[in-house]
Participant: 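Would you mind keeping the following structure in view while I ask a few things?
Just so it is clear, the structure is predicted and the values come from calculations on it, not from any experiment.
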Amino acid sequence: MPRVSQAHLDARRQQIIDAARARFATHGFARTSMTDLVAASGLSVGAIYRYFQSKDQIVAAICEQAGQELPAELTARSARDFLQHIRTLAREEDHARLVAQIYAEAAVSPLLATLVRRQLDDLRAAVVARLPDREPVDAERIAEAFVALCHGYTQQLAVRGDLDPAPFTAALTTILES
């Protein structure tokens, strides 16, 4: 019997993650069962359990793949483009709704909370790294506000739907130029 290639195994794992991401975004974690994930992925129960022991592990895998691509420089224009990118992800991939679900689950799951905290720390550190001319304490304050505002925008997209990023861009610009 031929061995299954690593590429095939990776593709099946990703197939499960992609199906779960879409299902979680539209139905939430609590309203998604493993049976739902079997149907959404087109795989068998056994195939899913080969890669993940639980729904929580799938959620963690989704979080581990997530990450925001910050622009190389933080300017008014790049802040606008960054928020527009978040808006596009919300429209095309239900990303904002998925993030809202992840945050809600992180509030009650220590494992997920640890992952989310690490991602937020990494994002703040990335913002600080893009502010080399600022005093460290100022760069950290700007990073905290930048991340909070971007995540606030994402959460509002999840609840309010397609939302103009202009007021958020103006606020980010004010933060970056302060």
Participant: Which heavy-atom pair separates Leu74 from Pro71 by the least distance, and what is that distance?
Facilitator: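 Taking every non-hydrogen atom into account, CD2-CG, 4.0 Å.
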Participant: Treating Arg97 as the side-chain partner and Ala90 as the backbone partner, does any N or O pair qualify as donor plus acceptor under 3.5 Å?
Facilitator: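 Side chain of Arg97 to backbone of Ala90: no pair is present.
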Participant: Looking only at atom types and distance, does a side-chain atom of Ser78 sit under 3.5 Å from a main-chain N or O of Glu73, one as donor and one as acceptor?
Facilitator: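 Side chain of Ser78 to backbone of Glu73: a pair is present.
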Participant: Do the side chains of Arg124 and Glu144 get close enough for a salt bridge, i.e. N-O under 4.0 angstrom?
Facilitator: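 A salt bridge is present here (some side-chain N lies under 4.0 Å from a carboxylate O).
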Participant: Under 3.5 Å, which donor-acceptor pairs link side chains of residues 104-118 to any protein atom two or more places apart or in another chain?
Facilitator:
residue, atom, partner, partner atom, Å
Ser109, OG, Leu112, N, 3.2
Thr114, OG1, Pro110, O, 3.0

Participant: Can you name the residues that form a side chain to side chain donor-acceptor pair (under 3.5 Å) with Glu92, not counting sequence neighbours?
Facilitator: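 Side chain to side chain donor-acceptor pair (under 3.5 Å) list for Glu92, sorted by chain: empty.
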Participant: Tell me the salt bridge (charged side-chain N to carboxylate O under 4.0 Å, His left out) pairs involving residues 27-55, sequence neighbours left out?
Facilitator: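 Listed once each, the pairs are Arg23-Asp36.
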Participant: For Phe52, which residues count as a ring pair (Phe, Tyr, Trp, His ring centres under 6.0 Å) partner, sequence neighbours excluded?
Facilitator: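 With sequence neighbours excluded, Phe52 shows a ring pair (Phe, Tyr, Trp, His ring centres under 6.0 Å) to no residue whatsoever.
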Participant: Without hydrogens or angle criteria, can the side chains of Gln65 and Gln14 be said to hold a donor-acceptor pair below 3.5 Å?
Facilitator: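 Gln65 vs Gln14: donor-acceptor pair found between side chains.
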Participant: Decide whether Asp10 and Gln6 meet the rule of one side-chain donor and one side-chain acceptor closer than 3.5 Å.
Facilitator: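 The answer is yes; a qualifying pair exists.
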Participant: Not counting sequence neighbours, list each pair that qualifies as a side-chain hydrogen bond (donor to acceptor under 3.5 Å, both in side chains) and has a residue in residues 164-178.
Facilitator: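 Residue pairs with at least one partner in residues 164-178: there are none.
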Participant: With a 4.5 Å limit on heavy-atom distance, are the side chains of Phe82 and Phe146 in contact?
Facilitator: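 Yes, close enough: below the 4.5 Å cut-off.
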Participant: Tell me which pairs pass ring-ring contact (aromatic ring centres under 6.0 Å, His included) where either residue lies in residues 101-124, with sequence neighbours left out.
Facilitator: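 ring-ring contact (aromatic ring centres under 6.0 Å, His included) check on residues 101-124 returns Tyr103-His151.
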